[in-house]
**Q** 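Structure incoming, see below.
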Protein chains: 2
Amino acid sequence: MNIYKGILDHVAKYVELSDSETEEFISILKTTRVKKRQFIIQPGFVSEYRNYIVEGAVRVFYLDDLGKEHTVIIAIEDWFFTDFYSYIHRTSAEYYAEALEDSLILQMKYEDVEELCSRIHSLCQYFRLFTERSMAHSYKRTISNISKTTEERYWEYVNKYPQIANRVPQYVLASYLGISPESISRIRSGNKKN
Amino acid sequence: MNIYKGILDHVAKYVELSDSETEEFISILKTTRVKKRQFIIQPGFVSEYRNYIVEGAVRVFYLDDLGKEHTVIIAIEDWFFTDFYSYIHRTSAEYYAEALEDSLILQMKYEDVEELCSRIHSLCQYFRLFTERSMAHSYKRTISNISKTTEERYWEYVNKYPQIANRVPQYVLASYLGISPESISRIRSGNKKN
DNA sequence: AAAAAAGCTTGACCTATATCAAGAACTAAA
DNA sequence: TTTAGTTCTTGATATAGGTCAAGCTTTTTT
């Protein structure tokens, strides 16, 4: 099976590419395999790529002054991840991206994406439309973070992404939701809401 | 003074528009004046526009089941606001946008923006680049929300946006930072207790 | 198959911050 | 200038959920 199928379907949800455009797009994709626990992005280095997951799972997290991890993205197949700020501003990353499983990812370099977007209108449209949708989604998360209790946030996530919740370690989920692992443990054992 | 200067400068930070493109862009801008406390977006109605503030201040907030307000955007001159999810998906808004002062705003209808973007490559680029930057910024806020104490978040905001902090009511700032107004009051007075 | 990591659970305790209440100090309107 | 409506402050009290510690279970490595 073609490893590009997923990402091309993703693009096709927003725009139609001609054969030559498709070819150009594929030509900037770099295939990379990473092993579980391997870092793909690290503070101190610029996050050069937008990364698309073909197979596997990755999390992006921030390590604060006290050594606590705060997960900002949990990504599986057909998701993108990067340290967006570092990627766009060409500054040193602030986050780690760590493979949660052996994964196969497709990487697009910043310069290549920019070059293609400046030349190919439909690809520019694709990234615009897709980023706008991510943006809309990000507001939903902000609301959830500031207006829900820990328990509500936990069940909301589990209901929305049951397959992810079962796939990643609990402490990763905890650090994504801003809850202590102990509290998640208690929520799970105590209240059996759905 | 030209009311379009601000928004055109904003565009010019990302792309160059020809005279005819500039004209087309201006042609989709609708000038609207709103009075203090007036709602620009309301649940139950689709958020039709991207709104740019020429003069004034606006907040976007969410009203939860318990009647508590959660501010997601505090916007002043040269900022954009909308209920992004509603705007993009053409669904009923979930948020209120309320003028904090008498304001002058420029509004762009979704259909008009899409039409222009599909026709004018440089405008598509503008919205793409600008949205990507907003996105990068939004991650910073997520981190702040989940990794900082209330006091750190308060001082971080005041240092970053001193002019806004002094301009909007304290309870608005409180609901933006996810802190109770009482706690902000105590933080300001330097009282470390309670 | 052991040994070593990594991950999860449970109980006891504790603290940061919310909530409630009531009055003071602004601001806008009559 | 008085009045009514907001907004801010301060004190008392409550509690959600974090931290610590220790042991248990599952997964990974040798």
Side-chain angles (χ1 to χ4, degrees), chain A residues 34-39 56-57 59 61 63-71 74 96 98-103 144-158 164-193, chain B residues 35-38 56-57 59 61 64-71 74 98-102 144-158 164-194:
Chain A
V34 289
K35 291 214 319 256
K36 184 169 175 172
R37 246 156 238 143
Q38 189 176 331
F39 289 121
R59 68 164 174 145
F61 68 91
L63 193 64
D64 75 18
D65 325 323
L66 298 139
K68 265 190 74 175
E69 297 175 359
H70 303 275
T71 299
I74 300 175
Y96 294 86
E98 176 197 30
L100 295 170
E101 306 171 359
D102 294 354
S103 305
S144 190
N145 275 336
I146 61 185
S147 75
K148 304 261 171 91
T149 66
T150 55
E151 195 161 343
E152 285 169 333
R153 267 178 288 145
Y154 174 75
W155 291 116
E156 183 177 79
Y157 189 91
V158 169
I164 301 183
N166 288 325
R167 193 165 157 183
V168 307
Q170 208 169 79
Y171 73 88
V172 167
L173 188 50
S175 79
Y176 179 82
L177 297 171
I179 311 178
S180 70
E182 293 94 329
S183 290
I184 289 213
S185 188
R186 280 185 255 268
I187 289 167
R188 294 186 87 155
S189 65
N191 239 314
K192 279 293 178 191
K193 303 185 213 172
Chain B
K35 290 214 320 253
K36 184 169 176 173
R37 248 159 234 140
Q38 188 177 333
R59 69 166 175 145
F61 67 91
D64 75 18
D65 325 324
L66 298 139
K68 263 190 75 175
E69 298 176 359
H70 303 275
T71 300
I74 301 174
E98 176 197 30
L100 295 170
E101 306 171 359
D102 294 354
S144 189
N145 275 337
I146 61 186
S147 77
K148 305 262 168 90
T149 65
T150 54
E151 194 161 347
E152 285 169 332
R153 267 179 287 144
Y154 174 75
W155 290 116
E156 184 177 79
Y157 189 89
V158 169
I164 303 183
N166 288 324
R167 193 164 155 182
V168 306
Q170 209 169 79
Y171 73 87
V172 168
L173 189 49
S175 79
Y176 179 82
L177 296 170
I179 310 178
S180 70
E182 293 93 330
S183 290
I184 289 214
S185 186
R186 283 185 250 269
I187 289 167
R188 295 186 86 157
S189 72
N191 196 344
K192 298 285 180 184
K193 300 207 67 185
N194 262 36

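Both backbone and side-chain heavy atoms feed into the values below; hydrogens, waters and symmetry mates do not. A, B, ... follow the sequence lines: proteins, then strands. Residue 1 opens every chain.
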**Q** Figure out the OH/P separation between A/Y171 and D/dT26, and round it to whole Å.
**A** 18 Å
**Q** How many whole angstroms separate atom CG of B/D64 from atom C1' of C/dT19?
**A** 15 Å
**Q** Distances under 3.5 Å between protein N/O atoms and the N/O atoms of nucleotides 25-30 of chain C, please, pair by pair.
**A**
none

**Q** Figure out the CD1/P separation between B/I184 and C/dA18, and round it to whole Å.
**A** 9 Å
**Q** With sequence neighbours left out, write down each residue that passes side-chain contact (heavy atoms from CB on, under 4.5 Å) with B/A174, or none if nothing qualifies.
**A**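 With sequence neighbours excluded, B/A174 shows a side-chain contact (heavy atoms from CB on, under 4.5 Å) to B/P181, B/I184, given in chain and number order.
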**Q** Over its full length, what angle do the end axes of the helix from C/dA1-D/dT30 to C/dA30-D/dT1 make, each axis taken from five pairs and the result rounded to 10 degrees?
**A** 60°
**Q** Tell me the salt bridge (charged side-chain N to carboxylate O under 4.0 Å, His left out) pairs involving residues 173-182 of chain B, sequence neighbours left out?
**A** none
**Q** Does any N or O in the side chain of A/D102 come within less than 3.5 Å of the main-chain N or O of A/K36, such that one atom is a donor and the other an acceptor?
**A** yes
**Q** Applying side chain to side chain donor-acceptor pair (under 3.5 Å), name anything that partners A/T71, two or more places apart in sequence or on another chain.
**A**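 Listed in chain order: A/R59, A/S175.
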**Q** Please enumerate all residues that pass ring-ring contact (aromatic ring centres under 6.0 Å, His included) together with B/Y171, with sequence neighbours excluded.
**A**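 Checked B/Y171 against ring-ring contact (aromatic ring centres under 6.0 Å, His included); zero matches.
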**Q** To the nearest angstrom, how far is B/L173 atom CG from D/dT9 atom C1'?
**A** 16 Å
**Q** List the residues meeting side chain to side chain donor-acceptor pair (under 3.5 Å) with A/D64, not counting sequence neighbours, and say none if there are none.
**A**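 Residues passing side chain to side chain donor-acceptor pair (under 3.5 Å) with A/D64: A/H70.
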**Q** From C-beta outward on B/S185, which listed nucleotide comes closest to its side chain: D/dT9, C/dC8, C/dT10?
**A**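 For the B/S185 side chain, the nearest candidate turns out to be D/dT9.
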**Q** Tell me whether the side-chain N/O atoms of A/Q170 come closer than 4.0 Å to OP1 or OP2 in C/dT9.
**A**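 Yes, A/Q170 has a side-chain N/O under 4.0 Å of OP1/OP2 on C/dT9.
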**Q** Evaluate the criterion side chain to side chain contact (heavy atoms under 4.5 Å, CB included) for residue pair B/Q38 and B/E98; output intermediate values, then yes/no.
**A** CA-CA 6 Å; B/Q38 188 177 333; B/E98 176 197 30; over 6 Å; no
**Q** With sequence neighbours excluded, what pairs up with A/E156 under the side chain to side chain donor-acceptor pair (under 3.5 Å) test?
**A** A/S144, A/K148
**Q** State which residues pass side chain to side chain donor-acceptor pair (under 3.5 Å) with B/T149; sequence neighbours excluded, sorted by chain then number.
**A** B/E152
**Q** Going 5' to 3' through nucleotides 15-24 of chain D, assign each nucleotide B (protein heavy atom under 4.0 Å from a base atom), S (under 4.0 Å only from sugar-phosphate atoms) or - (no protein heavy atom that close).
**A** --SSBBB---
**Q** Rounded to whole angstroms, how far apart are CD on B/E69 and P on D/dT7?
**A**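 After rounding, the reported distance stands at 10 Å.
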**Q** Run the side chain to side chain contact (heavy atoms under 4.5 Å, CB included) test on A/T150 and A/Y154 for me, step by step, so that the C-alpha distance in whole Å, both residues' side-chain angles and the decisive distance to 0.1 Å come before the verdict.
**A** CA-CA 6 Å; A/T150 55; A/Y154 174 75; over 6 Å; no
**Q** Checking B/Y157 now: which residues fulfil ring-ring contact (aromatic ring centres under 6.0 Å, His included) with it, not counting sequence neighbours?
**A**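 Testing B/Y157 for ring-ring contact (aromatic ring centres under 6.0 Å, His included), a comparison that skips the adjacent residues, returns B/Y161, B/Y176.
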